[in-house]
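The chain is numbered in sequence order, starting from 1. Every number for a ligand or one of its atoms is a count from 1 in the order of the listing. Values below: every heavy atom of this structure, side chains too, minus hydrogens, waters and symmetry copies.
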Amino acid sequence: MLLRGMIPTAVALALGSASFVSVAGAQAQGTTPPAAPEASGTGSAAGQVPPAAAEQAPAAAGQQQAPAPGQAPAAAAPAQPAAGGQAAAAREGVTNEDGKYYTADGDPTYNIAEDGTVDWYTFSGFRRYHAECHVCHGPEGLGSSYAPSLVNSLKTMEYSTFLEVVTNGRLHVDASNQNVMPAFGTNPNVMCYIDDLYIYLEARAKGGLKPGRPAKREDKPEAAIEAENACMGG
Ligand code: HEC
């Protein structure tokens with residue numbers, strides 16, 4: 001409950017706060033992340049370049065991509081129960097408020113109906129993910145040799161941790177590693193849709209959401225239109 005009110009505030013703070021700007025700036029001076037996020041599709045920059053493989057179209061349904069080197073095979077295995085199985089059953093304590101679903105703890109979450117219809121935010125997150133994140137994290141959240149599988153991460157990662165990492169970024173530098181998770185705290189194309197991204201990835205990690213553009217979705221809720229206008233316009 002509490003979180004719900006806090007999210008827009010957190011986003012507004014992130015977008016307006018000088019400290020986030022400086023975090024992003026400090027990282028940019030450091031190891032030069034591959035010109036994210038505008039570079040989606042071109043993947044340039046000296047130093048680390050996201051693998052070209054990440055730009056390939058997602059594998060056709062039923063045809064799994066070979067796991068990238070270093071990825072646990074489990075990350076790419078289609079082991080989730082299909083929608084129609086237990087994933088489709090109404091989940092304990094999940095409530096629907098204006099087309100957005102929440103766990104009993106007040107965290108945003110996905111909804112997949114018995115006929116495979118996904119909630120708006122899962123659908124929106126699918127699109128946002130493939131605009132902003134897939135160039136490093138691979139199509140469908142399956143990971144690449146550059147960045148970890150978020151389908152794997154979201155099996156255990158808390159919502160609050162997800163927010164923190166995406167807002168502030170993360171640096172992982174050692175002898176063999178210079179991979180950078182950019183700070184997105186000042187990027188409205190990410191921060192205004194941060195719940196959508198989380199919800200989509202959670203649906204992939206826990207809800208058995210199959211790869212590919214969800215065929216059936218709920219209509220865009222009025223609340224989503226209002227929140228988007230307020231976040232992008234204000
Ligand atoms: C420029 C490449 C790049 C882009 C673009 C990028 N990431 Fe990352 N991300 C990384 C790398 C590299 C790591 C691993 C950092 C580390 O090892 O600490 C990472 C880590 C993460 C983690 C932590 C995973 C874990 O298991 O701890 C999350 C969550 C995450 N990214 C979310 C996102 C989201 C959401 C987007 C899109 C808005 C995104 N990333 C875009 C490179 C990227």
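- With a 4.0 Å cut-off on non-hydrogen atoms, Phe162 touches ligand 1 through its side chain and not its backbone.
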Worksheet entry | Test ring-ring contact (aromatic ring centres under 6.0 Å, His included) applied to Tyr198 and Tyr159, step by step | CA-CA 7 Å; Tyr198 174 80; Tyr159 173 59; 4.9 Å; yes
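- Residues Tyr101 and Arg91 form no side-chain contact, since every pair of their non-hydrogen atoms from C-beta on lies 4.5 Å or further apart.
- Listed by number with element, the atoms of ligand 1 under 4.0 Å from a non-hydrogen atom of Val190 are 38 (C).
- Tyr200 and Phe126 have perpendicular rings, their planes meeting at more than 60° on a 0 to 90° scale where under 30° would count as parallel.
- Among Thr109, Asp196, Asp195, the one residue that satisfies the side-chain hydrogen bond (donor to acceptor under 3.5 Å, both in side chains) test with Lys100 is Asp195.
- Annotation for Glu164: atom CD counts as buried by contact number, over 12 foreign heavy atoms lying within 6.0 Å.
- Contact analysis puts Met157 in contact with ligand 1, with a non-hydrogen atom separation below 4.0 angstrom.
- At least one N/O/S atom of His137, from backbone or side chain, sits under 2.8 Å from atom 8 (Fe) of ligand 1.
- Each of the following atoms of ligand 1 lies closer than 4.0 Å to a heavy atom of Ala147: 10 (C), 11 (C), 12 (C), 42 (C).
- One finds a salt bridge joining Glu228 and Lys220 here, because a Lys/Arg side-chain nitrogen approaches an Asp/Glu carboxylate oxygen to under 4.0 Å.
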Practice prompt. Walk me through it: do Arg213 and Arg127 pass the test side-chain contact (heavy atoms from CB on, under 4.5 Å)?
Written response: CA-CA 8 Å; Arg213 186 185 180 92; Arg127 293 196 305 181; 4.3 Å; yes
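- Side-chain contact between Cys231 and Tyr193 is absent, with no heavy-atom pair separated by less than 4.5 Å.
- Counting heavy atoms under 4.0 Å from ligand 1, residue Cys133 touches it through both backbone and side chain.
- Every atom of ligand 1 is numbered from 1 in the order shown, and the set under 4.0 Å from a heavy atom of Asn179 is 12 (C).
- Across Ser153, Ala131, Gly125, Cys136, heavy-atom proximity to atom 3 (C) of ligand 1 is greatest for Cys136.
- Residue nearest to atom 19 (C) of ligand 1, selected from Met181, Met191, His130: Met181 (by heavy-atom distance).
- Compare Val135, Val180, Val165 by their heavy atoms: the one nearest to atom 42 (C) of ligand 1 is in Val180.
- Near Val166, with a cut-off below 4.0 Å to any heavy atom, the atoms of ligand 1 are 32 (C), 35 (C).
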